[in-house]
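All residue numbers refer to positions in the sequence shown, counting from 1. Remember, predicted model here, so these are calculated numbers, not experimental data.
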Amino acid sequence: MRFNALKGKLKVFMARQFLFYLRIFLFWVLVFLTQRIVFLFVNAGQLKNDSLSTIAKTFLYGEIMDISATSYILFVVIVIFFLTLAAERIIFERIVRGLVYLLLVFSTLLTVADAALQLYWGTRLNEKALSALLYPQMAIDAAGSSNYLLLLVILVSVSAALIWLARFFMFRGRETTIPSRGAAALLSLLLIPFLVIGARGGVQKYPLGKSTVFFSSNFTCNYAALNPIWNFSDMLVNACKDPRDAFRFYPEEVVKREVSALFAKEDSASVPRLFSVDRPNIVMILLESFTAGALPKMNGIPVALRLNELLDSSLWFSNFYASGFRSEHALVALLSGTPSLPGGSLLREGNRVIRLPLFPKLIKDSLHYSLFFYNTYDIHYARMNDYLSFSGFDRVVSNANFGQCRQHQWGAYDECLFDFVLQDLPANGHSFFCLVLTSVSHEPFKADVRKLYPGANDEERYKNTVYYTDSCLGAFLDSARLKPWYESTIFVILADHGHAYPGNYDYFDPHRFHIPFLIYGEPLRKEFKGRCITSPASQTDFPASILHQLGMGSTQFPFSRDMLSEESSRFAFYCFSDGFGFISPGSCYAYNKDLGRIVYSSPGDPADSLDIVRGKIIIQWISGELRNLN
């Protein structure tokens, strides 16, 4: 009789503990369901072409990852239970309560951050986005067009609602009090194998990965299916891994052989001479977020009209591509001839960036160029100031120099920037290299400029800011004609990177990286004015191309090829947050490393194209070479 009574009590005690764990499990499934709805709500504009069934699948596929994340959370709760087994039960309950509340706020914060990043960067939280939080005001400004006040309201209201639900659903009275520690411990041990299965996403050979929940050609749906806690944990785990592990496709001897052919150095003597002077001044103008889609002559719409008109008197490239998707990627590509790896930024890695070749320092030390850099925002962002210092710039102008000018979210207006450059450049002296970085056409496109396009959506605001910067560029070049240095100056004009607009392209689409590039100025020989080069090229090709024009070699820049050499195998290579793209004449591909497959190809291109092999070889070589910079 006594044994039966003990047996009955044991069942009751185990049932109570089981119900406690079950409530935790069901609660977190509900939490992740709510957060997925928040993500889809913020990015509703990117789902206009998707059916309700496709959107519903984000919940179906995402549930697998939600169960995985919930299994991890429940496992932590069980660990806490065993660590507090000898203590009063109230200690265990208080720790679990605090953990749940903390995770609720943190996971909701991740959801809101992910939603904003997807809206404007086309990605979920990654290493680069996380590093941007070191500069919170700039991160807020970059996401400003997503209305960060609304996001803050969502964060606070959803977190408060979920905390209230947790108190009601999980922590009611003394239901968590289990008199028998032994029964509770036995049940906890019995649950662990099931949690292992849930955490790995099933009993299949390989554990759950991002590709498991990616099901759609619309990556907004794919990213909606990602669980915020799972994705954040995966990012931290991968941050500790050798980045080359994600890009090992072929034996090293194959990579070396193919790379030696793809990046063979050209005979600079065979390259046509562009300039009528030996050492022209070089003014490089980086236009924030300009895309080829803003120029009619590049199959775009009529927005950047002055730049479009300038093509008639310039040497320009109709298939030129940004190396990455942020300004820091552009600087390293243009000044060091080096691409960044997907999701990363060499500019933020001081131990590596100081070992890169530096075009400005080379022409300063060898040809005695003076170096000037002009922009209007915080020069310490992304450790830009360190990189410019390594590069040997004699004068660096930033936001501190524009206190009296009209300001927008990223600093002084471009008209003020260009006026400053005109007044600041030396009238006489040594040849100079000057880099000017504009800012008005940076997200969130809320600068007070003329409204050529009356719409209030992001794309219309983007086009208005591009139109404004384009007009400022035209005024700058008109005024520069009056300067004594104009006759011996070439202007290299391009974008730092592209944008989804106009056209609202996916973050991996080559159209998003297609940017204008032109060389203009009096020293440009007459036979090259108005000439268009159609071969693919990218920002990393700038150092080799200009060094050859200055009579110097480019062996220090192994990733850079001369854009004018007929000996070069013509291609352009770019990276996005989780993959890379490869463009050759008549062919475009984009490869996602998380999915392990092609996510974009131009019409008619075969899936086994040699170009994809070349792209994989290049990314494997680059990742290995950059790793060796440590």
Side-chain angles (χ1 to χ4, degrees), residues 243-244 255-256 259-260 262-268 271 279 282 284 286 321-324 326-341 344-373 382-394 396 431-435 437 492 494 496 517 537-565 568 571-575 618-630:
R244 293 175 294 182
V255 172
K256 290 179 181 178
V259 161
S260 64
L262 285 170
F263 289 90
K265 282 300 174 183
E266 308 87 352
D267 179 9
S268 59
V271 176
R279 296 181 185 177
I282 304 171
M284 172 180 281
L286 278 180
Y321 293 84
S323 174
R326 308 310 296 175
S327 300
E328 58 206 84
H329 299 153
L331 287 178
V332 174
L334 291 164
L335 302 187
S336 293
T338 305
S340 295
L341 290 174
S345 169
L346 285 171
L347 211 61
R348 301 171 191 264
E349 301 182 37
N351 60 325
R352 295 186 190 181
V353 77
I354 61 175
R355 292 174 172 81
L356 294 176
L358 297 165
F359 169 80
K361 190 174 189 326
L362 182 59
I363 63 172
K364 178 180 181 177
D365 293 344
S366 301
L367 303 177
H368 308 296
Y369 270 75
S370 299
L371 307 178
F372 300 86
F373 180 90
R383 303 183 68 172
M384 188 184 298
N385 193 45
D386 293 346
Y387 181 64
L388 296 175
S389 177
F390 298 147
S391 300
F393 279 89
D394 302 294
V396 175
S431 299
F432 61 78
F433 171 75
C434 162
L435 198 160
L437 178 58
V492 178
L494 70 159
D496 57 347
F517 180 93
S538 81
Q539 290 171 331
T540 55
D541 297 327
F542 169 78
S545 303
I546 296 298
L547 285 173
H548 292 171
Q549 293 300 320
L550 298 178
M552 300 183 65
S554 61
T555 55
Q556 296 184 40
F557 300 85
F559 306 114
S560 186
R561 302 158 307 123
D562 196 315
M563 296 182 284
L564 299 170
S565 173
S568 297
F571 66 85
F573 180 86
Y574 66 87
C575 288
I618 291 172
I619 196 68
Q620 182 173 334
W621 178 54
I622 291 172
S623 63
E625 291 296 302
L626 295 184
R627 185 67 175 177
N628 291 336
L629 292 176
N630 281 340

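Using modelled atom types, one side-chain atom of Lys364 and one backbone atom of Gly392 make a donor-acceptor pair closer than 3.5 Å. Without hydrogens or angle criteria, Ser336 side chain to Leu356 main chain gives no donor-acceptor distance under 3.5 Å. Put simply, the side chain of Ser389 never gets that close to the backbone of Asn385: no donor and acceptor are under 3.5 Å apart. A donor-acceptor pair under 3.5 Å is formed between the side chain of Ser560 and the backbone N or O of Ala544.
Between Trp621 and Phe263, the two ring planes are tilted [angle within 30° to 60°]. Classification of the Phe359-Phe542 ring pair by plane angle, with boundaries at 30° and 60°, yields perpendicular.
Counting all heavy atoms, side chain and backbone alike, Phe557 lies closest to Gly337 at CD2-N, 4.2 Å. Minimum heavy-atom separation, Leu358 to Phe390: CD1-O, 3.2 Å. Of all heavy-atom pairs between Phe373 and Leu331, the closest is CE1-CD2, 4.3 Å. Closest approach of Ile619 and Cys575 over heavy atoms only: CD1-SG, 4.0 Å. Here the shortest heavy-atom pairing between Asp541 and Phe571 reads OD2-O, 4.5 Å. A pairwise comparison of heavy atoms in Gln539 and Asp496 identifies NE2-O, 3.0 Å as the closest pair.
In this structure, Leu435 and Leu334 have side chains that are not in contact, with every pair of non-hydrogen atoms separated by 4.5 Å or more. No side-chain heavy atom of Lys361 sits less than 4.5 Å from a side-chain heavy atom of Leu335. Looking only at side-chain heavy atoms (C-beta outward), Met563 and Phe517 come within less than 4.5 Å of each other.
Applying side chain to side chain contact (heavy atoms under 4.5 Å, CB included) to Ser545 and the options Val271, Leu564, Asp562 leaves one that passes, Asp562.
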Practice item. Might you work through the side chain to side chain contact (heavy atoms under 4.5 Å, CB included) test for Arg561 and Leu262, ending with a clear yes or no? Key: CA-CA 9 Å; Arg561 302 158 307 123; Leu262 285 170; over 6 Å; no
